Amino acid sequence: MESVSNEEVLAAVDLGSNSFHMIIARLRDGQFQILDRLREMVQLRAGLDKENRLSIEAQDRAIACLERFGQRVRDLPYGKVRVVGTNTLRVAENSRDFLRRARLALGHPIEIVTGEEEARLIYLGVAKSLAFDNSRRLVMDIGGGSTEFIIGEGLKGLRRESLEMGCVSFTQKFFPDGQLNDESCQKALLSAAILLRSIQRPYLDLGWQEAVGASGTIRCVANIAKANGWCDDGVITMHALDMILVAMKNAGHTDKLKLDGLSEERTQVLAGGVCVLKAAFERLRIDRMIVSDGALREGLLYDLLGRIQHDDERERTVSALAKRYGVDELHAERVGVMADQLYQQIAIDWQIVGEEFKQRLQWAARLHEIGLAISHDQFHKHAAYLVAHSDMPGFSREEQQSLAALIRAQRRKFPSNYFSELPDELQTTSTRLAIILRLAMVFNRGRSEQADTFVGLEVGTKGLKLSLPEGWLAEHPLTEADLRQERRYLKAIGVKLKITDQ
């Protein structure tokens, strides 16, 4: 494993449904030294309308926050900052428009992570922060729009779930006018219990020795419980939750809710979060929960460190997927070698220099045939579907979509519509990587052909020029026919391919 420099500054930004968080840390001798933490309650989820579209007001609040964050991280190198969006940006119909503005404000790419990936990162952040031993633990994190539940041992997650319930979404749904009464609380508790029913049995069957809570709502509840003497510092009990619910109902309205330990900004979303937490205690039979300072942003930092040190969760995911579907490893390796040979020759001219581009091309080469496990006919479409819809730990939604597009485009007519659906900054680079993969496929279609032929590739003013040893095409008529067909496919998307063996 390669090591990073003794001192290196990394940053993680969590675009949550309720709050945006940023953590900046210096990596020194393998340990993080926190340099700065920033948090702003943006309440992005509150800006979603009935059609799941983010309001201009909510977008403007978020952009203003990101511009402030951007002042701190804009000058950090590419790849040293990870920014992820969670539930609200997963469901917002106009998130693509917002992300264009957000990337400019922050100065770094933004990834949208699935609920399962969010859960993985949360568990990593909590486990690292509390220095977990190998005991089995349940980790719970209540966000603005979703709640994640993870059972794990040590640093390894065994089961992950993300449920569509959060402190903002439940407050909007069950306490829209701020009224805090028994009826609204019961409706919220019942709704949360119904969602929890889907995970109750498998989670209880798996079991755990300790329950751990993370993020704002759970820390807020713990602060209230301590300040009012309902339980010890950093601990939440059922008794404390019951006392908070009684206090809410006695207040009758959020404007009148006053509790020691409750900040003003948390008051407006406390009711929904408490009901989610109370339902989880009941359905999962939790008696006691300790509270962690670590959460998603800390998990992002440690995951980023893993990538820098070549201990990448995505690599393990690709290997597991290839094994699951019985990939012909030797053939995939030959395709990968040829793809890398072509990539190295044109990466600079095509502006696709970088480890992330090399990795994506190699992952596509390794997974391009997994669709054969379904059917030989249209296997490239089956493979793309599997990649697009599988649970792929370590991958953001955009990375997964781009990888699926590369695999979908490996043969036959170029599926331009797949690439137009990618984020703007991924469309051109993904198209170029797909073209390289297609050419590598052409030279390995026979499977038994030698992979030691040097294929020259260069970028010209009008397209690509592919050069082969003298007389090579005459000796390989089937490959020549494939290349001429490939030239027609590429011409349809505006890329001219010149082929020569002279």
Side-chain angles (χ1 to χ4, degrees), residues 16-18 45-46 48-52 86-92 113-120 122-123 138-151 157-208 211-218 220-221 236-246 248-249 254 268-289 391:
S17 298
N18 192 42
R45 180 80 186 198
L48 276 183
D49 62 19
K50 293 180 180 179
E51 283 73 41
N52 278 342
T86 57
N87 181 267
T88 295
L89 292 177
R90 285 197 291 268
V91 303
V113 292
T114 65
E116 290 75 16
E117 176 63 5
E118 182 179 355
R120 184 187 73 85
I122 289 167
Y123 183 82
L138 168 71
V139 172
M140 178 181 179
D141 185 303
I142 302 174
S146 65
T147 297
E148 281 65 48
F149 297 87
I150 314 96
I151 295 178
L158 302 176
R159 191 177 185 102
R160 300 184 293 267
E161 296 288 348
S162 179
L163 301 182
E164 291 290 312
M165 55 185 188
C167 63
V168 179
S169 59
F170 261 47
T171 298
Q172 287 178 316
K173 184 174 182 180
F174 299 103
F175 310 95
D177 54 2
Q179 295 293 328
L180 303 174
N181 52 52
D182 188 66
E183 181 182 1
S184 56
C185 288
Q186 287 303 316
K187 287 181 178 179
L189 288 167
L190 179 59
S191 181
I194 291 171
L195 290 170
L196 283 158
R197 187 167 54 184
S198 65
I199 72 169
Q200 179 179 2
R201 179 49 50 201
Y203 269 58
L204 289 175
D205 287 346
L206 196 55
W208 57 86
V212 184
S215 289
T217 291
I218 290 177
C220 175
V221 169
I236 299 172
T237 63
M238 183 69 83
H239 171 68
L241 289 171
D242 288 337
M243 296 303 293
I244 294 174
L245 277 169
V246 169
M248 285 167 42
K249 295 172 188 178
T254 53
Q268 300 303 316
V269 297
L270 179 68
V274 167
C275 289
V276 168
L277 187 55
K278 165 81 170 175
F281 265 63
E282 291 177 343
R283 303 302 296 186
L284 298 180
R285 302 172 192 169
I286 300 170
D287 297 319
R288 179 180 183 273
M289 176 178 284
D391 179 13

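These numbers were taken from a predicted model, which means no experiment stands behind them. Side chains are part of it too, since the values below use all heavy atoms of this structure and drop only hydrogens, waters and symmetry mates.
Put simply, the residue from T171, T86, N87 that forms a side chain to side chain donor-acceptor pair (under 3.5 Å) with R45 is N87.
The shortest side-chain heavy-atom distance between T254 and L180 falls under the 4.5 Å cut-off. Considering only heavy atoms from C-beta on, S198 comes within 4.5 Å of L163 through its side chain. A 4.5 Å side-chain heavy-atom check between M248 and C185 finds at least one atom pair inside the cut-off. Taking 4.5 Å as the limit, every side-chain heavy atom of L190 sits out of range of all side-chain heavy atoms of F174. Using a 4.5 Å heavy-atom threshold, the side chains of R90 and S162 count as touching. Between F170 and T147 the shortest side-chain heavy-atom distance does not fall below 4.5 Å. A heavy-atom distance below 4.5 Å is not found between the side chains of K278 and V221. Counting heavy atoms from C-beta outward, M289 and L277 have side chains that approach closer than 4.5 Å.
Interatomic distance, CD1 of I286 versus OH of Y203, reported as 11.0 Å (0.5 Å rounding). How far NZ of K187 is from CZ of F175: 10.5 Å, rounded to the nearest 0.5 Å. Between R159 atom CZ and L138 atom CG the span is 12.0 Å, to the nearest 0.5 Å. In this structure, NZ on K249 lies 4.0 Å from CG on D182, to the nearest 0.5 angstrom. The line from CD of E117 to CD1 of I122 is 10.0 Å long, rounded to the nearest 0.5 Å. For the atom pair OG of S169 and CD of E164, the computed distance is 7.5 Å after rounding to the nearest 0.5 Å.
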| query | Given the rule in the side-chain contact (heavy atoms from CB on, under 4.5 Å) test, do I199 and R283 qualify, once you have shown the distances and angles that lead to the verdict? | reply | CA-CA 9 Å; I199 72 169; R283 303 302 296 186; over 6 Å; no
| Does the side-chain contact (heavy atoms from CB on, under 4.5 Å) test come out yes or no for V168 and S17, once each step is laid out? | CA-CA 8 Å; V168 179; S17 298; 5.6 Å; no
| task | Run the numbers on D242 and F281 for side-chain contact (heavy atoms from CB on, under 4.5 Å), then give the verdict. | result | CA-CA 11 Å; D242 288 337; F281 265 63; over 6 Å; no
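Between G157 and I150, the closest heavy-atom pair is CA-CG2, 4.5 Å. Between C275 and A192, the closest heavy-atom pair is O-CB, 4.4 Å. The shortest non-hydrogen separation linking T217 to G273 is CG2-CA, 3.7 Å. Between V276 and M165, the shortest heavy-atom distance links the atoms CG1-CE, 3.9 Å. Across S215 and I142, no two heavy atoms sit closer than the pair CB-O, 4.1 Å.
The pair R120-E116 fails the salt-bridge criterion, with no side-chain N (NZ, NE, NH1 or NH2) lying under 4.0 Å from an Asp/Glu carboxylate O.
Residue D287 qualifies as open at atom CG: its count of foreign heavy atoms under 6.0 Å is 12 or below.
Formation of a donor-acceptor pair under 3.5 Å by the Y123 side chain with backbone atoms of R160 is not found in this model.
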